[in-house]
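Encoded as structure tokens, the structure appears first; notes follow it.
Chain identifiers are assigned alphabetically (A, B, ...) following the order of the sequence lines, protein sequences preceding nucleic acid strands; residue numbering begins at 1 within each chain.
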Protein chains: 2
Amino acid sequence: MTTIRDVSKLAGVSVATVSRLFNQSGYVSKEAEAAIQAAVAKLNYKPNSIARSLAGKKTAAVALMVPDILNPFFPEIARAAEDAAASQGYTLVLCNTDNNPDKEKMYIEALINKQIDGIIVSSYTISPEQIITLQKRSIPIVVIDNSFPDHPIVTITAANRYGGQLAVQHLLYAGCGKIAHICGPSHVHSARERTLAYEEMCSHLPWFTPSLTASGHFSVAGGYEAMKHIFRQHPDVDGVFAGNDLMAAGALKALHELGVSIPSQIKLIGFDGIRMDMVYPELSTVSQQIYTIGRTAMDYLIRQINNEPIEKRNYELEVELLQKATT
Amino acid sequence: MTTIRDVSKLAGVSVATVSRLFNQSGYVSKEAEAAIQAAVAKLNYKPNSIARSLAGKKTAAVALMVPDILNPFFPEIARAAEDAAASQGYTLVLCNTDNNPDKEKMYIEALINKQIDGIIVSSYTISPEQIITLQKRSIPIVVIDNSFPDHPIVTITAANRYGGQLAVQHLLYAGCGKIAHICGPSHVHSARERTLAYEEMCSHLPWFTPSLTASGHFSVAGGYEAMKHIFRQHPDVDGVFAGNDLMAAGALKALHELGVSIPSQIKLIGFDGIRMDMVYPELSTVSQQIYTIGRTAMDYLIRQINNEPIEKRNYELEVELLQKATT
DNA sequence: AACAAGTGTGCTAACGTTTTCCCAAACGTG
DNA sequence: CACGTTTGGGAAAACGTTAGCACACTTGTT
């Protein structure tokens, strides 16, 4: 391995000068620069990042903590985060927490003593206090898909409330006269918001009743069960708003099995806009530009790392109604 | 930050002794151990992994290079790899290459000078020579979903050939009399193997003709187009073997649109066994236990890192016919 | 009694950078 | 010309570990 010392010798300057050149810090004369460049090229020198991390304090590595990369929402986040990270010379460490607080703590400990430069967290179990503690240890954090309005924490979310309204409105405009809702886990911020939107829009309507809502746990199987459950009690529903696309796909499957024709008898809309081109008919959904969330999160994380000022705390990204074949 | 020196002072021993205790190397007396443990507990000391990496030569980090984490095959690999890595104290770095050789090289350079301990590679563009070069730089590699029988490279693949035979056989047993094939990219090893299996099994049958095969590029959209293309020329096909599940899903969508009833008129089978519970009817497939591939790859990678002997070079994992609703 | 092997510990030189401090020209400027 | 100031660059101390070497003390064996 060729070191900075080799370069300095060959170039006839001190290691300090070489270091200054690489870090654009301090003065380096044209001649010295040329000599160093030549030596670097000749020796194919690459600064060792481990040593650099030890001496400086930056590892050029950031982490992405997600509950489970198998949930199709997260690969898209990961892809975006990795693209953004790589483009700025950062390396992305992936952590699956399964929403298990113990695992989360383990990972956080491990990341801290690897001196990670920053963390993007998606977690439904982590507390704002935990995050603040981390920030006090001066490690930048960005939270996605969750919101802590009362704490000094940078969060990136979609306009879940507004999106929910959009979805329900779309069903109403399409002429639905009895709309069911398959909701996500109530401890999940985004799920809660979407459900609140549904209730806001529908609770005053004559047909509204709590049994039109069932929980689908944000999963295909859950959506499937919830749909069957709802249909058993309300065979006359003609619209369904699912809190995410996975549940919508599950519901679609259930409706297929029940022999319900879509969208003529029942209209169905999901939420998220995950890549689901494999289902037929294609799902209408409220798309939240997942990629943008991931990229934005990484951008703000790196800004924090660089001590650049950040204007706001809670970034809410736009959502968009995507009408496909199920409405 | 509390360092090993603080501990050594508090415990009244030298830093060497503390280091030895933490690394289980060399001798440490019971008394010294107790004193150190106490000091560690009191100071909440955690060894700094950066310094450790610089002094030792291990970073306890491994990388997973995949073409695109958005392809549902890879999150499952990533999940498995990360689980296995975490369980052994390793951290997982994720790299998306888009099968772009330049990106691959960039990442490899970056990983090398971060002194990554090992790399799991899934790439259809990387050459065995490149890998050998890396190994010569003494960085352990495991290749998944690709095979280099003539080179000293550890590879993990599924029994693609056998699986293809299984799929075709299944269709034949089910009474299919004219079987089409949607193939993947010919430069992809696993795709090629599956196609060869189809040809092996069918080329001698009376109905066989090259136009029964169309390329679907391993994507949903590709499978969709290929299916339509094939059906236009051969409305009398009654069986379709798709080279992966994504293409099978695309084909299913096309057949839906064409008004073909499944499985009565046409039977359809995919390959991979990715989580696709959202499609209806559920796809029959040849499952390759993706999670196991990922876990196995990480296991062998870590074995190489630890200089443990490895028996073979090319590990071929079993596949399994999963009959669902499309056959 | 002598010697080898095993046990326990400390010193200190790496590991490859960055960064602080200091020194020396060269360069305006009044 | 005496002076601050800018420009350029070297020496060496961090950064927090690991590991090789040296030394000392026990044991056990002949």
Side-chain angles (χ1 to χ4, degrees), chain A residues 1-37 39-40 43-61 89 109-110 112-117 138, chain B residues 1-37 39-40 43-61 89 109-110 112-117 137-138 305-307:
Chain A
M1 172 177 286
T2 126
T3 76
I4 199 174
R5 209 151 267 119
D6 302 329
V7 174
S8 79
K9 255 172 210 143
L10 184 57
V13 298
S14 77
V15 293
T17 307
V18 180
S19 175
R20 273 193 290 264
L21 180 60
F22 267 81
N23 296 291
Q24 316 273 33
S25 68
Y27 303 105
V28 177
S29 67
K30 288 288 157 226
E31 302 81 55
E33 173 165 357
I36 292 171
Q37 298 290 22
V40 164
L43 300 173
N44 186 30
Y45 168 72
K46 302 264 188 306
N48 176 309
S49 13
I50 302 286
R52 186 174 260 199
S53 300
L54 186 59
K57 251 71 191 80
K58 333 215 78 190
T59 49
E109 280 309 313
I112 285 182
N113 92 10
K114 288 217 161 189
Q115 282 174 222
I116 202 93
D117 286 344
S138 82
Chain B
M1 173 177 286
T2 128
T3 77
I4 199 174
R5 209 150 268 120
D6 303 328
V7 174
S8 78
K9 256 173 209 142
L10 184 57
V13 299
S14 76
V15 294
T17 307
V18 179
S19 175
R20 274 193 292 266
L21 180 60
F22 267 83
N23 297 290
Q24 315 273 32
S25 68
Y27 303 104
V28 176
S29 67
K30 288 287 158 228
E31 301 83 55
E33 174 167 357
I36 293 171
Q37 299 289 21
V40 165
L43 300 173
N44 187 29
Y45 167 72
K46 301 265 188 307
N48 175 310
S49 16
I50 303 286
R52 187 174 259 199
S53 301
L54 186 58
K57 251 72 190 79
K58 332 214 78 190
T59 49
E109 280 309 314
I112 284 182
N113 93 9
K114 288 217 161 189
Q115 282 175 222
I116 203 93
D117 285 344
R137 296 227 231 168
S138 82
I305 294 174
N306 295 336
N307 286 314

Donor-acceptor pairs are to be reported for all side-chain atoms of residues 21-30 of chain B against protein atoms at under 3.5 Å, with residues two or more places apart or in another chain.
residue : atom : partner : partner atom : Å
B/N23   : ND2  : B/S19   : O            : 2.7
B/N23   : ND2  : B/S19   : OG           : 3.2
B/S29   : OG   : B/A32   : N            : 3.2

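The distance between atom CD of B/E33 and atom C1' of C/dT7, rounded to the nearest whole Å, is 15 Å. The separation between A/R5 atom CZ and C/dA14 atom P is 11 Å, rounded to whole Å.
The side-chain hydrogen bond (donor to acceptor under 3.5 Å, both in side chains) contacts involving residues 44-60 of chain A comprise A/N44-A/K46, A/N48-B/Q115, A/S49-B/N113, A/T59-A/D117, where partners must be two or more places apart or lie in separate chains.
Heavy-atom minimum distance, A/S14 versus A/S8: C-CB, 3.6 Å. Counting all heavy atoms, side chain and backbone alike, B/A61 lies closest to B/I116 at O-CG1, 3.3 Å. Of all the heavy atoms in B/V13 and B/V18, the pair that sits closest is CG2-CG2, 3.8 Å.
The overall bend of the helix from C/dA1-D/dT30 to C/dG30-D/dC1, read as the angle between its terminal helix axes built from five base pairs each, is 40° when rounded to 10 degrees.
Scanning residues 15-30 of chain A for heavy-atom distances under 4.0 Å to DNA chain C yields A/A16, A/S19, A/N23. Across residues 46-55 of chain B, B/L54, B/A55 each have a non-hydrogen atom less than 4.0 Å from an atom of DNA chain C (numbered order).
Note: A/I4 CD1 to A/L43 CG = 12.0 Å, rounded to the nearest 0.5 Å.
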**Prompt:** Can you check side-chain contact (heavy atoms from CB on, under 4.5 Å) on A/T17 and A/R20, steps first, answer last?
**Reply:** CA-CA 5 Å; A/T17 307; A/R20 273 193 290 264; 3.5 Å; yes
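Nucleotides of DNA chain D lying under 4.0 Å from heavy atoms of chain B occupy a range whose first and last members, 5' to 3', are D/dG16 to D/dA19.
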